Amino acid sequence: MSIGGSFLEIKEILMQAIQDAAEKAMAEDVFPAGELPEIVLEVPPKKELGDFATNFAMQSARAFHMNPRKIAEVLTERIHGSWLDHIQIAGPGFINFYLKADVLYDTLAQAMAQGSAYGKLPLKDVPKIQVEYVSANPTGPLHVGHGRGAATGSALVNLLRAAGYPVESEYYINDAGNQIDNLAASVNARYLEKFGQTVAFPENGYHGDDIIDTAARIIRKDGDKYLHMEEKERLTIFRELALKEKLAALKEDLAAFNVHYDVWFSERTLHPDAVREAVEVLQKNGNIYEKDGALWLKSTAYGDDKDRVVIRENGVPTYLAADIAYHRNKFERGFGTVINIWGADHHGYVCRVKAAMAALGYNPDHLKVLLLQMVSLYRGGELVKMSKRTGDSVTLAELIDEVGTDAARYFFIMRSLDSQLDFDLDLAKSQSNENPVYYIQYAHARICSIFRQAAETGLEVGPVPQLSLLTDATEIALIKKIEAYPEELERAAADYAPQRIARYVYDLASTFHSFYSQCRIMGVDQPLAAARLALVGETREVIRYALAILGVSAPDKM
RNA sequence: GCGCCUGUAGCUCAGUUGGAUAGAGCAACGGCCUUCUAAGCCGUGGGUCGCGCGUUCGAAUCGCGCCAGACGCACCA
């Protein structure tokens, strides 16, 4: 028997059956006519409570003016299906569905037959989603806070893609404005210092050692070539040299962290035309006024605390003006949803950008700003102090050097975005059972080892493994966990919650480890051995899919 | 003062479109290696879900008010 579908499809069928039954009862005047509540189907907290459960009877009790258990009875009498073993009414009115065991095995067989397609959901016919993340100023190295953004952002992109959403990732390069002038002035000061000149370091300059390195590299390459030219000219040259170098360093750091972008968007391309146009549109639709010589956006009309300057008294646009032009550009490019991942320290900025989008006539709800809470590093139980101002902070490159990309990514992703992250460096480094990354990778390596052993003894999965031989509680648990993957993908993507995948793959590894200690593969009857080999093979596939979303490697050996 | 996030076991955290006896890891304690990786498994103990009031058949989850911590309140980016 096959009901021909994935776990998600079975769920659909069951939900439809509930709805049909409810409508039938309505047509028979057993239920009063009216709106049906939304049908929610969930996996019960304990396996004794069945494969699926719905709270339909309790939800509709008030509207129907009926006892929930009576509603449940009426409903269950009208639900039939060859895939259904039995139905039970439990507790205050839960309806628990117990599926025939064949459904479990058929679903697993379907998953196996799909091959790598099981790692993805079908492409959804929705407008493209853009995810912009990190977008750190190219004025210095990335630090650990950016690391969280980088890991979370790239995992979110992978997740949305796996869940069938069309996605494009983007990095916004802040290569215009004051901070780039400060970068040039800082390099200039370091450059002159190298030639023994005493210069006042720029007030808002960058103090990091990387600036000294940049100056040193310039000298190594071009010597004193820039020493005797006019400062203005030298600054212009240094601005470009430093920017190019910083950008290359950024890309290198990110690539080493398994982070890659579809689009690198330069702020400069917005100046001056796009910025002017955006302001003109706002002027035309009456959302701009002049005061004290500056142009102000009437953002309070769209929920902001105060109005914001877009063009300064001196005629120079503010950062907000460029950001308005940038976000306008995003929507003009046709994205249906625009996701920004920002550090929580920028949360005050959300309201004004959304207000600006509303003022431009876009739906501000189509701009989703995900705020990442701050990261604290702990070493030896002590908080590692960080100071951005003095440039004395732990860089992403140093972190990767210390704990590795896999551990760093997993630790950044495993917490919800809203939670402040305590990053325990010692734990991330430890190659022990305390470290969740190793626990998961170990499961994968173990399975690979099993396959190596199986190959030696000549054991193969074969074309049609008898999956119904898998009846141990740990086997059933593992099958169910594998079959939960598509729904897990769906929910994680819908919630923009890559941490759900981190948790899922941990649970999957845990379920596998339990199975492994309970059931042998080599040394049991051949059909059972083949079925078990098929099961662990599929487990390995799903571990790979999930780790790939997280950007964490799946080693064959440990 | 205003805004935003957080507060769940000794520690780090899940669970928050309201559902069944609130979960996991670590730490503590007790078991399991002559057989596929013990970087593993099994078990035990551990909770006023920050506090109070409310909505509801039902609240960790929703509302209001407190308390505590973090972050932010620029013609900086």
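For clarity, every value in this text was computed on a predicted model and none was experimentally measured. In what follows, chains are A, B, ... by sequence order, proteins preceding strands, each numbered from 1.
- What separates CD of Q420(A) from C1' of rG69(B) is a distance of 7 Å, to the nearest Å.
- In summary, the side chains of D418(A) and S416(A) do not present any donor paired with an acceptor at a separation below 3.5 Å, with no hydrogens or angles considered.
- A close approach under 4.0 Å does not occur between any side-chain nitrogen or oxygen of S419(A) and OP1 or OP2 of rC5(B).
- Considering only side-chain N and O atoms, K306(A) lies under 4.0 angstrom from the phosphate OP1 or OP2 of rC75(B).
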| field | Strand RNA chain B in bracket notation, Watson-Crick/G-U under 3.5 Å with | for pairs to another chain | value | (((.(((..((((.....[...)))).(((((.......))))).....(((((..]....)))))))).)))....
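- Counting only N and O atoms by type, the side chains of D406(A) and Q441(A) include a donor and acceptor under 3.5 Å apart.
- Of all heavy-atom pairs spanning R268(A) and A176(A), the tightest one is CG-CB, 4.1 Å.
- Centre separation under 5.5 Å together with a plane angle under 30° does not hold for the ring of H513(A) and the six-membered base ring of rA38(B), so they are not marked as stacked.
- With sequence neighbours excluded, no residue satisfies side-chain contact (heavy atoms from CB on, under 4.5 Å) with E460(A).
- A salt bridge links D210(A) with K246(A): the closest approach of a Lys/Arg side-chain nitrogen to an acidic carboxylate oxygen falls below 4.0 angstrom.
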Pairs under 3.5 angstrom, nitrogen or oxygen only, protein versus nucleotides 61-64 of chain B, please.
none

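- No contact: I311(A) has no heavy atom under 4.0 Å from any strand.
- The CG atom of N55(A) sits 16 Å away from the P atom of rG58(B) (whole-angstrom rounding).
- Relative orientation of the Y172(A) and Y326(A) rings is parallel, given thresholds of 30° and 60° on the angle between their planes.
- At the phosphate of rC41(B), neither OP1 nor OP2 sits under 4.0 Å from any side-chain N or O atom of S517(A).
- Neither OP1 nor OP2 of rA77(B) sits under 4.0 Å from any side-chain N or O of N174(A).
- Checking the phosphate oxygens (OP1, OP2) of rA77(B), no side-chain nitrogen or oxygen of Y206(A) falls inside 4.0 Å.
- A salt bridge is absent between E170(A) and K330(A): the closest approach of a Lys/Arg side-chain nitrogen to an acidic carboxylate oxygen does not fall below 4.0 angstrom.
- Between the CG atom in L370(A) and the CH2 atom in W342(A) there is a gap of 10.5 Å [rounded to 0.5 Å].
- With 3.5 Å as the limit, one finds a donor-acceptor pair spanning the side chains of D307(A) and Y289(A).
- The shortest distance between the side-chain N/O atoms of R446(A) and the OP1/OP2 oxygens of rA38(B) is below 4.0 Å.
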